[in-house]
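I have placed the structure first, in the form of structure tokens, so that the comments after it can refer back to it.
Quick note on labels: first sequence line is chain A, next is B, and so on, each numbered from 1.
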Number of protein chains: 2
Amino acid sequence: MIISKTTSYAIRILQAMARNEKEATTATILFRQLKIKERYLKRLMTTLAKQGFIKGKRGRSGGFILARPANQIFLSGVIEAVEGLESFNACILGVTDCRLSPVCAMHDVWGEIRKTMLNTSSSTTIQDLAKSPGNIQTEMSNK
Amino acid sequence: MIISKTTSYAIRILQAMARNEKEATTATILFRQLKIKERYLKRLMTTLAKQGFIKGKRGRSGGFILARPANQIFLSGVIEAVEGLESFNACILGVTDCRLSPVCAMHDVWGEIRKTMLNTSSSTTIQDLAKSPGNIQTEMSNK
DNA sequence: CATAAATAATACCTTCAGGTATTAATATTT
DNA sequence: AAATATTAATACCTGAAGGTATTATTTATG
């Protein structure tokens, strides 16, 4: 996959939360919506809270809510927080720091792709996704 | 990474072999050129032979040689043989068979990227890479 | 205050890509 | 025929991502 499974989970979670941005939700509700393994989802929520994307509130009427407006959460930020951006900068054939070394035979070939990915992920926000029509309730297919 | 480490190894190996397409080479020679862990490289050579990209000849003056002309080996074929194309077809957010379901919120967003990747990899041959100036002798940076 | 319902933290388990080791088979040279 | 240099096959090891289990903490409410 282009992004890791966990990262795509994170994006789906934030997207779902952005659909009613002002109201808090719980991990259990999200689990029912997204069909992500409940325990894993809960742990990921904690990670997203630590990273400052959402705020958690404990206790009986607790839950999670977006920590900042959905239109200020860029996909690139989520990717960076969850899996790091190294995979975007890394040369497709493994030349360390591809940007500096035009010796890589695939440099030109894949340059466009990387550029597109960076442009897209750093100009698309969670709100953009939330506004899009579809919902995502399907379980992951591996790989 | 966009493609797996093993796949990029495979591409680098075929690229190196294509540089003098007519002559056979050995795993040891390739190891010295490419700095890929020798044992892993040897095992990968066997895989590439099984998949029909190269031919192996045992014995004292044995070695490997391309099984078909470098300009008939497309990157998409190598990727497919080594890691499968599922990762290319798979939806970035995990909707099974994204091509059929326009419900995925990122369908449009990432459609261009996938198209570019498929176009590039299925129109670029190992020969194209072999003709390009640089050589790749750097060890992989992880991730 | 006790209970219930939620998040937080932490430790452990599982799977698989990447990597290592060993042995077998084959061909050439002496 | 023996030694040597190569590929082929197979089984095992390792680390990290993905997933599970358990316990602690916080808060609302009867």
**OP:** Apply side-chain contact (heavy atoms from CB on, under 4.5 Å) to the pair B:L129 and B:L75, showing each step before the final yes or no.
**Re:** CA-CA 10 Å; B:L129 293 189; B:L75 294 191; 3.9 Å; yes
Using whole Å, what does the distance between atom [atom2] of nucleotide [N] and atom [atom1] of [X] come to?
X: B:L44; N: D:dA8; atom1: CG; atom2: P; answer: 12 Å
X: A:R32; N: C:dA6; atom1: CZ; atom2: P; answer: 9 Å
X: A:I13; N: D:dG18; atom1: CD1; atom2: P; answer: 13 Å
X: A:K50; N: C:dT7; atom1: NZ; atom2: P; answer: 15 Å
X: A:Y40; N: C:dT15; atom1: OH; atom2: C1'; answer: 13 Å
X: A:F31; N: C:dA5; atom1: CZ; atom2: C1'; answer: 17 Å
X: A:K5; N: D:dA16; atom1: NZ; atom2: C1'; answer: 15 Å
X: B:L41; N: D:dA8; atom1: CG; atom2: P; answer: 12 Å

Original post:
Checking B:Q33 side chain against B:A16 main chain: does a donor-acceptor pair fall under 3.5 Å?
Top reply: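 Side chain of B:Q33 to backbone of B:A16, a donor-acceptor pair under 3.5 Å: no, none is there.
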Subject >> Heavy-atom donor-acceptor pair, B:T120 side chain to B:M117 backbone, under 3.5 Å >> reply: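 No; zero donor-acceptor contacts below 3.5 Å.
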Side-chain N or O of [X] versus OP1/OP2 of [N]: is the shortest distance under 4.0 Å?
X: B:K42; N: C:dT20; answer: no
X: A:Y9; N: D:dG19; answer: yes
X: A:T6; N: D:dA17; answer: no
X: A:T46; N: C:dA8; answer: yes

Subject >> Members of residues 51-65 of chain B that approach DNA chain D, where some heavy atom sits under 4.0 Å away >> reply: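 Contacting residues: B:G56, B:K57, B:R58, B:G59, B:R60, B:G63, B:F64.
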Subject >> Residue A:R39, side-chain heavy atoms: nucleotide from D:dT10, D:dT20, D:dA8 that is nearest >> reply: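 So the nucleotide nearest the side chain must be D:dT20.
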Looking at every heavy atom in both [X] and [Y], which two are closest together, and how far apart are they?
X: A:F53; Y: A:A81; value: CE1-CB, 3.4 Å
X: A:L34; Y: A:R12; value: O-NH2, 2.9 Å
X: A:S121; Y: A:I79; value: CB-CD1, 4.1 Å

**OP:** Show the numbers, then the answer: is there a side-chain contact (heavy atoms from CB on, under 4.5 Å) between A:M17 and A:M45?
**Re:** CA-CA 11 Å; A:M17 291 181 70; A:M45 299 298 288; 4.1 Å; yes
